[in-house]
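To start, the structure under review is shown below, and the notes come after it.
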Amino acid sequence: MKAACVIRNGCVTQLAAVPSLTIEDFREFVAEGVRGGSSIAAMFGTREPEGSAILFAVLAEDSSGLLSLASARTGDSYPAVTPDCEQAHMFEREIAEQLGVTPSGHPWLKPVRYPLFRADGSAPAGRNPCGVADFFSMEGDEIHEVAVGPVHAGIIEPGHFRFQCHGERVLHLEISLGYQHRGMERAVVAGPDKRTAHYIETIAGDTTIGHTLAYSLLVEGLSGSAAPARAQVIRGLALELERMANHVGDLGALAGDIGYLPTMSYCGRIRGDLLNATADLCGNRFGRGLVRPGGVGYDVTDGIAERVSDRVRGALRDAKSAVSLLWNTPSVLARFEGTGTVATETARRIGLVGVAARASGLDADVRRDHPYGVYRFAHIPVAAAASGDVFARAWVRWQEVERSAAFVLEQLDAMPRGEEKTAGGRPAADSMGVSLVEGWRGRICHVAVTDGAGRLACYKMVDPSFLNWFGLACAMRGQEISDFPLCNKSFNLSYCGHDL
Amino acid sequence: MMNSVLRTRISQGHRTMRYPAGPLPDLPERFAGRPRIDAGKCRSDCSKCVAACPAEAISRGASGNGPELDTGRCIFCGSCLKACEYGAMEFGRSHQLASAKRDDLVVTAADSNVPSAFKENVRRLFGRSLKLRQVSAGGCNACEADTNVLNTLAWDLGRFGIQFVASPRHADGLLITGPVSVNMELALRKTYEAVAEPKIVIAVGACAISGGIFRTHAETRGGADSVVPVDLYVPGCPPHPLTILDGLLRLLGRLSDTGV
């Protein structure tokens, strides 16, 4: 088997340097790599003009910080990797849907997003309306099925959940998404242009900084430029503020889902304060316009640095008192502990990332394992828990809030001087690049392939939700159906980030 | 344990803002509010703002009075400001952007006043109690998040008699976010039909008003009013919570419609 092409986070290679393997070797590259401790950061394909397809895989090895790339040419069908490597299952469903290539032997080859178009722009024949497909079902005298969504009870995005229950007990949950599909990956092809960064900002609006950072690192890699030190620090501030705001909001929402109102009430307000800190940086509470290829759109004046610092200090103080109520209230712990457990081995096999992975005992954080930008110089200790339950996912969030706050305050105190942006160049032609960012939900992976003119021929966006939704399904096994809102909130995954 | 709950309650303090009886909540220094266009500075032979806009929100007006900016498409990114060499465009500090009429969202050099959001029939029906069902139809979760913020104790939407409810059967209307993805169209229509008459619809954010940057995508329907009739449009990407609240209150006649 030819050796894979190996790069680091944010780096780029000539497309020709990515080895083209036989499909057998490609399957082994993925399955062996994952058995050896790597995980699939991205796996996708492109259609060739003459009708064949090229599959690409990006494996991330956390222990070495290396990314391995390989490709393989296939016809309309190939033997699926999933039976030998569970975490490939969503990627292969996506390949089937986007390319019309069948990974034969895939155990559950259903649509992912019910798109109108394939990756090559053609319209698939006989497309079903969103959500119309066979669901896994069980039979038995006392087995019943519960269908929820796409419209849910709260102010929340749409998705469909299908439970197979025995009494109150959930035997199986199948999650069917696609309702938020806006044609995102198709829209950025032939860019970058004036609209590309704005598309990236709305992949998942609550992860504006995370996704624009992944995009910017990638464009900088492709054009051989780098953001100045000051911009890298500002990006780090914004990414950690985004993490803190969302984690604090989630801790409050977890309290709300078990009817513990004090923490819910306080955290909702504190989250707003943290969003306002992002708005201090750029005028927008979600960080629109802040991170751009080449640097940042707004510099941080001394006055703004002081204001953000004050806000973070205040928010941390208030969050500490609000959140410590959770850890000191037996009725809260009784609901959090042992609910929605994902075992370490399950988490590893299905390729969980981010908060959910760390809560299940996996030691992974892109900021440490594949460092980029400011994280090459300033390190944030990786949060950890082992029990894999709602408590662990809450506890990891709280550790990360405290550590992000410490990071933000430290960085604000010692901002490097200099420019906040540089003029970027044109992306290189016929190249492939990968960027990873630890967003607040987990690992974000963007992959770009450019054409002969340096335009985006293919752009993959892998939100952490794409991998983690299946984790929620696993967490619900054997759980009471009334625990679903709590389990769901403990993952708090993105619908639009999945649906694109 | 009860002591720590009470101690925390005291330390957290009273945080509900006094607005609208008291002052406006602080807006960030770099906040981009209702745009203003200075026809005197604009050159008729220049269309740089039109070319720079990623949302196709700016056009050369027919009036010859400089460009027109459709805040129903605008994502408030400021590309036009950077493109304009003459300083003819700026974003003001005003958060008051909501309008009852789609056409009134277009800001021109001659008219950048607060558009009217008031509807007498809505005030009569729902002025003291409005129950809304929120539907995200291709939204990115930013509009959803900043709508949800109104439920926090800082904003305390309930004090105005406005409440988000769990079922369309309990609701007086819908608050829609997102450009209406094709994959959500049926669910949105069914949710609308499930709300009893008389009912209203509020479109929040550039996507829900016009489709935003997804306007021309075959995967979207280009905004809420291509599927259901809309009573209130709230521009922004996403709108600030204050912009949403202001729109709701002016629609219901609970706040002066002429601007502050």
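Every chain is numbered from 1 and lettered A, B, ... according to where its sequence line falls, protein lines coming before strand lines.
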Bottom line for B:Ser136: the part with an atom under 4.5 Å from chain A's heavy atoms is both

Turns out that what part of A:Ile203 lies under 4.5 Å from chain B's heavy atoms comes down to neither

Bottom line for B:Pro241: the part with an atom under 4.5 Å from chain A's heavy atoms is side chain

- Donor-acceptor pair, B:Thr220 side chain versus A:Arg182 backbone, under 3.5 Å? no

Among B:Cys53, B:Ala55, B:Ser79, B:Pro179, the residue with the most heavy-atom pairs under 4.5 Å to chain A is B:Cys53

Output for pair (B:Cys237 SG, A:His198 NE2), nearest 0.5 Å, gives 9.0 Å

task = Run the numbers on B:Asn183 and A:Gln180 for side-chain contact (heavy atoms from CB on, under 4.5 Å), then give the verdict.
result = CA-CA 7 Å; B:Asn183 286 353; A:Gln180 299 289 69; over 6 Å; no

Okay, A:Phe286 and chain B: the region with an atom under 4.5 Å from a heavy atom over there is side chain

Whatever's closer than 4.5 Å to a heavy atom in chain A on B:Arg133 counts as side chain

Between the CD1 atom in A:Ile155 and the SG atom in B:Cys143, the distance rounded to the nearest 0.5 Å is 11.5 Å

Distance col, row A:Lys194:NZ vs B:Cys77:SG, nearest 0.5 angstrom, shows 9.5 Å

query: Just by modelled atom types, is the B:Asn141 backbone N or O under 3.5 Å from a matching donor or acceptor in the A:Asp206 side chain?
result: no

Heaviest contributor of heavy-atom pairs below 4.5 Å to chain B, chosen from A:Gly154, A:Ser324, A:Gly297, A:Gly289, is A:Gly154

Chain A shares the most heavy-atom pairs under 4.5 Å, among B:Thr147, B:Leu27, B:Val135, B:Ile75, with B:Ile75

Under 4.5 Å to a heavy atom of chain A? For B:Val180 that would be neither

Distance col, row A:Arg317:CZ vs B:Gln12:CD, nearest 0.5 angstrom, shows 9.0 Å

State, with a plain yes or no, whether a side-chain heavy atom of B:Val5 is found less than 4.5 Å away from one of A:Tyr260. yes

Checked A:Ala153, A:Gly249, A:Gly205, A:Cys130 vs chain B; the most non-hydrogen pairs under 4.5 Å come from A:Ala153

So, the part of A:Pro150 with a heavy atom under 4.5 Å from chain B: the answer is side chain

Looking only at A:Gly183, A:Gly131, A:Ala187, A:Gly268, the option with the highest number of non-hydrogen pairs under 4.5 Å against chain B is A:Gly183

Turns out that what part of A:Tyr199 lies under 4.5 Å from chain B's heavy atoms comes down to both

Closest non-hydrogen atoms of A:Arg271 and B:Ala145, given as atom of the first, atom of the second and distance, are NH2-CB, 3.5 Å

Shortest non-hydrogen pair, B:Ala187 vs A:Val151, comes out as CB-CG2, 4.3 Å

Applying side-chain contact (heavy atoms from CB on, under 4.5 Å), run through B:Arg15 and A:Tyr266 and close with a yes or a no. CA-CA 9 Å; B:Arg15 300 290 193 143; A:Tyr266 307 143; over 6 Å; no

Cut-off 4.5 Å, heavy atoms of chain A, and the answer for B:Ser167 is neither

Expected contact set for residues 200-215 of chain B against chain A at heavy-atom separation under 4.5 Å reads B:Ile213, B:Phe214

Distance col, row A:Asn284:CG vs B:Arg30:CZ, nearest 0.5 angstrom, shows 12.5 Å

Under 4.5 Å to a heavy atom of chain A? For B:Thr216 that would be side chain

One option among B:Gly138, B:Pro28, B:Pro168 has the most heavy-atom pairs under 4.5 Å with chain A, and it is B:Gly138

- salt_bridge(A:Arg113, B:Glu219) N-O dist < 4.0 Å: no

When rounded to the nearest 0.5 Å, the distance separating CD of B:Glu144 from SG of A:Cys496 is 7.5 Å

Applying a strict 4.5 Å limit to non-hydrogen atoms, the region of A:Ile270 in contact with chain B is side chain

(request) Flag the pair B:Asp26 and A:Arg307 as a salt bridge only when some basic side-chain nitrogen lies within less than 4.0 angstrom of an acidic carboxylate oxygen. (result) no

From the list B:Val165, B:Asp146, B:Asn148, B:Val182, the residue making the most non-hydrogen contacts under 4.5 Å with chain A is B:Asp146

Handout entry: Residue A:Lys320 excluded, over 12 heavy atoms near NZ under 6.0 Å
Key = no

Among B:Ala142, B:Cys140, B:Ala218, B:Ala154, the residue with the most heavy-atom pairs under 4.5 Å to chain A is B:Cys140

- B:Arg169 atom CZ, neighbour heavy-atom count above 12 within 6.0 Å: no

Okay, A:Ala197 and chain B: the region with an atom under 4.5 Å from a heavy atom over there is neither

| message | Test side-chain contact (heavy atoms from CB on, under 4.5 Å) on B:Glu56 and A:Arg195; report intermediate values, then the result. | response | CA-CA 10 Å; B:Glu56 294 168 334; A:Arg195 201 180 272 190; 3.6 Å; yes

Comparing A:Ile304, A:Asp499, A:Thr208, A:Asn276 against chain B, the one with the most heavy-atom pairs below 4.5 Å turns out to be A:Ile304

Under 4.5 Å to a heavy atom of chain B? For A:Met184 that would be side chain

Whatever's closer than 4.5 Å to a heavy atom in chain B on A:Arg285 counts as side chain

